[in-house]
Amino acid sequence: MNHLIAPSLLAADFANLQRDIEMVNRSQADWFHLDIMDGVFVPNISFGMPVVKAISRHAKKPLDVHLMIVDPDRYLETFHSLGAAILTVHYEACTHLHRTIQKIKSMGMKAGVVLNPHTPVHVLEDTLEEVDMVLIMSVNPGFGAQSFIEHSYAKIRRLKEMIRAKNAGVLIEVDGGVDLTNAAKLVAAGVDVLVAGNTVFASENPTETILRLKNLY
Ligand code: DX5
Ligand code: ZN
């Protein structure tokens with residue numbers, strides 16, 4: 001399949017959020033990536049439910065919600081009611097990951113699992129066939145505009161191999177430090193969904209940057 005682009009609104013201008021959402025609506029982007037941080041699982045706080053609600057009123061593309069919070073089970077229903085299409089939880093934050101995945105899917109959302117840079121892909125050996133997407137963090141979560149961790153390529157290739165071996169229909173998403181210099185290499189390594197925050201919103205022409213990420217030029 002052609003790879004998808006998910007601009008991260010963490011890098012948008014929060015004082016002009018509607019304008020930035022409408023730019024994404026009109027662009028070649030496929031999803032909105034929303035980063036929810038609780039100041040506990042990660043050393044930063046982003047935005048919460050009222051903002052997600054406001055975003056979902058204007059967004060015309062699926063909401064890809066990345067939960068960087070402890071005990072995400074407490075909020076699965078909330079994010080479903082706020083309009084999440086894909087709900088992604090951290091492997092490191094889930095004691096009963098299998099149960100959490102089943103719960104997300106039972107509500108009709110796509111279920112994603114995200115791995116921090118230090119977490120090897122083999123921990124998903126027994127859950128891979130249950131999930132719709134695996135998100136590989138290519139920076140330590142918590143902040144935008146960090147540098148891409150080169151070791152992520154090896155993880156992506158290994159994960160792709162695991163997915164192939166199981167013949168599973170699992171998407172690979174990558175998040176953190178994605179830019180115009182590494183996007184094509186990431187797609188070649190097996191990535192299906194590119195998240196990009198700073199690269200899109202700090203660029204002179206975000207619509208054009210999305211087009212370039214989508215068409216890899
Ligand atoms: C980081 C977040 C990312 C972040 C990416 O914890 O999960 O989604 O917005 O930002 P960039 O693309 O600027 O590295
Ligand atoms: Zn994210």
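Note that these values count all heavy atoms, side chains included, but never hydrogens, waters or copies made by symmetry. Whatever order the structure lists them in is the order used to number ligands and atoms, beginning at 1.
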Original post:
Quick one: does ligand 1 sit under 4.0 Å from the side chain of Asn198, the backbone, both or neither, non-hydrogen atoms only?
Top reply: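 Both parts.
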
Original post:
What part of Pro141, side chain, backbone, both or neither, has a heavy atom within less than 4.0 angstrom of ligand 1?
Top reply: both

Counting both backbone and side chain atoms, is some N or O of [X] under 3.5 Å from an N or O of ligand 1?
X: Val195; value: no
X: Ala145; value: yes
X: Gly197; value: yes

Subject >> Distance filter under 2.8 Å, centred on the Zn ion (ligand 2) - protein N, O or S atoms that pass it >> reply: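 You should have found His33 NE2, Asp35 OD1, His66 ND1, Asp175 OD2.
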
Original post:
Judged by non-hydrogen atoms, does Asp175 sit under 4.0 Å from ligand 1?
Top reply: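 Yes; Asp175 lies near enough to ligand 1 that a heavy-atom distance drops under 4.0 Å.
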
Subject >> Close approach of Gly176 to ligand 1, heavy atoms, under 4.0 angstrom >> reply: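 Yes, that is the case, since the closest heavy atom of the residue is under 4.0 Å from the ligand.
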
Original post:
Counting each atom of ligand 1 from 1 as listed, which ones have a heavy atom of Ala196 under 4.0 Å away?
Top reply: 12 (O)

Subject >> Contacting atoms of ligand 1, where contact means under 4.0 angstrom from a heavy atom of Leu10 >> reply: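 Checking each atom against Leu10, I get 9 (O).
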
**OP:** Report the C-alpha distance between Arg164 and Glu161 in whole Å, list the side-chain angles of each, state the deciding distance to 0.1 Å, and finish with yes or no for salt bridge (Lys or Arg N to Asp or Glu O under 4.0 Å).
**Re:** CA-CA 5 Å; Arg164 258 196 217 116; Glu161 203 36 60; 3.5 Å; yes

Original post:
So between Ser46, Ser138, Gly142, whose heavy atom ends up nearest atom 6 (O) of ligand 1?
Top reply: Gly142

**OP:** Please work out whether the ring planes of Phe14 and Phe47 are parallel, tilted or perpendicular, with thresholds of 30° and 60°.
**Re:** perpendicular

Original post:
Cluster question for you: counting only ILVMFWY and a side-chain heavy-atom cut-off of under 4.5 Å, with indirect links fine, are Val24 and Val52 together?
Top reply: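 Both belong to a single hydrophobic cluster.
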
